2 protein chains.
Amino acid sequence: MKWDALEEEPCSLARTVAVIGDRWSLLILRECFLRIRRFDDFQASLGITRHLLADRLKKLVRFGVLRKIPYQEAPKRYEYILTQKGLDLYPIIMSIVHWGNIHMVDARGRPLLHEHKSCGKMFDPVMVCSECGEPLSAKHVHVHPGPGARRSSPLHASARERTKRNAEQG
Amino acid sequence: MKWDALEEEPCSLARTVAVIGDRWSLLILRECFLRIRRFDDFQASLGITRHLLADRLKKLVRFGVLRKIPYQEAPKRYEYILTQKGLDLYPIIMSIVHWGNIHMVDARGRPLLHEHKSCGKMFDPVMVCSECGEPLSAKHVHVHPGPGARRSSPLHASARERTKRNAEQG
DNA sequence: ATTGACAGTTCTAAAATAGAACTTATGGTC
DNA sequence: GACCATAAGTTCTATTTTAGAACTGTCAAT
């Protein structure tokens, strides 16, 4: 599979993965949410090679997740800030952090705690249903093909059925 | 950076990224949540090479996200099912899908719709504060070092400050 | 004129991935 | 009994990506 192909997939997960589905992009975004904005600061805090950093920043700008804003003339310098599209990645980042907090911390405990300024308390993120407000779990969710589904999509027919069908069709 | 090093980072995001932060792992997990369980089914529905699929499944089993369950003897065959740790990835998967639904769909619309069986409605996932129940946004959250924070962590001091400090220390 | 900050680009070596063929074990068919 | 299919991998070579380090260009301050 070529990675450009991912963007074209009729699957919202695949298309998002095309944008953020590599290790460095997610780490760069972590830094963005921690208010890092400049090339050398990303490089110093992540230890990423300058080559890859330039590449990933370019990709995130191309996808509209980051915007390049000049912060000085002569010599012209830019910083990278999150667009609204980028800020909207916050639930992804937080759910990743939360899973790590629950399943990957060592004996010392969590590296970071999160305070909700609105209510003043330390919190964990909880994913709920937009309609009834109840917490979500996989087994209470049923998927339906939407308007953008492809016919006979791998997402709606099991691979086993498809394999069989393909065999029948020659 | 070696990828094993990510698991050791005092950062819940980095440690989670070590488990699921590559494109194929996320796509494999999508299939798991769509009830795919067997090697050839994963391979057929994703188009991943068998080599990589074997590698990724092994990794996900090693991290306790999937479990290998025998479904027949002679010849011995296994299927891969999500553990509780794996099921707990659901909010990550859903937030990724939701971001794609909002920012990456083409004119045809969403490939998938989600129905909440508990309330019977089509829904979107919403991330809320565990304490007050309000929807979360990055700007209303403040981070604090937790017990597992490293001293002078890159997560709590800006890269700029660290660069300066390192320079001072020689 | 030299040094340092900043934001990259360029280079080679090492690692990961793609793509296809091969292996092992078993059951069913001609 | 030879042949084919199913299933879950493994092995092989070629291509692509990443790591690591050095280099470039612009300007300010010493």
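When reading the values below, keep in mind they use all heavy atoms of this one structure, side chains included, and skip hydrogens, waters and symmetry mates. A quick note: this is a predicted structure, and the numbers were derived from the prediction, not measured. A note on names: the letters A, B, ... follow the listed sequences, proteins ahead of strands, and every chain is numbered from 1.
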- Item | Rounded distance (Å) that lies between atom P of C:dT10 and atom CG of A:Leu53 | 16 Å

- Any B:Tyr80 side-chain N or O less than 4.0 Å from OP1/OP2 of D:dG9: yes

- Message: Does A:Glu79 form a salt bridge (charged side-chain N to carboxylate O under 4.0 Å, His left out) with A:Arg38? I'd like the steps, not just the answer.
- Response: CA-CA 5 Å; A:Glu79 51 189 14; A:Arg38 299 184 183 179; 3.0 Å; yes

- Item | Contact pattern, 5' to 3', of nucleotides 17-26 of chain C - B, S or - by protein heavy atom under 4.0 Å | SBB-B---BS

- Separation of A:Leu57 atom CG from C:dT9 atom P, in whole Å? 11 Å

- Message: Looking at A:Lys117, I'd like to know if its NZ atom is crowded, meaning that more than 12 non-hydrogen atoms belonging to other residues, nucleotides or ligands lie closer than 6.0 Å.
- Response: yes

- Query: What's the verdict on side chain to side chain contact (heavy atoms under 4.5 Å, CB included) for A:Lys59 and A:Asp22, showing C-alpha distance, side-chain angles and the deciding distance?
  - Reply: CA-CA 12 Å; A:Lys59 190 194 71 173; A:Asp22 71 284; 3.1 Å; yes

- Task: Tell me yes or no: between the side chains of B:His98 and B:Ser95, is some donor less than 3.5 Å from an acceptor?
- Result: no

- Query: So, B:Ser45 and B:Glu31: side-chain donor and acceptor under 3.5 Å apart, yes or no?
  - Reply: yes

- Would A:Arg56 count as a cation-pi partner of A:Phe42, with NZ or CZ less than 6.0 Å from the six-membered ring centre and within 45° of the ring normal? no

- Query: Rounded to whole angstroms, how far apart are CZ on B:Phe39 and C1' on D:dA8?
  - Reply: 6 Å

- Item | Gap between atoms CZ and P, on B:Arg37 and D:dA7 respectively (whole Å) | 16 Å

- Item | Rounded to 10 degrees, the angle between the two terminal axes of the helix from C:dA1-D:dT30 to C:dC30-D:dG1, each from five pairs | 20°

- Output yes when at least one side-chain N/O atom of B:Tyr71 is less than 4.0 Å from OP1 or OP2 of D:dT6, else no. no

- Note on the structure: To the nearest angstrom, the CG-C1' distance between A:Asp41 and C:dA5 comes to 11 Å

- Task: Report yes if the side chains of B:Asp41 and B:Gln43 come closer than 4.5 Å at any heavy-atom pair, otherwise no.
- Result: no

- Between B:His116 and B:His114, is the gap from one ring center to the other below 6.0 Å? no

- Query: Once you round it to whole Å, what is the distance between C1' of D:dT16 and CG of A:Asp4?
  - Reply: 13 Å

- Looking only at side-chain N and O atoms, does A:Lys59 come under 4.0 Å of OP1 or OP2 in D:dT17? no

- Would you please classify the geometry between the A:His144 ring and the A:His142 ring as parallel, tilted or perpendicular, with 30° and 60° separating the classes? perpendicular

- Item | Nearest-Å distance for atom pair OH/P, residues A:Tyr78 and C:dA7 | 12 Å

- Message: With a cut-off of less than 4.0 Å, is there a side-chain N or O of B:Lys58 near OP1 or OP2 of D:dT10?
- Response: yes

- When the distance from CD of B:Gln72 to P of D:dG9 is rounded to whole Å, what number comes out? 12 Å

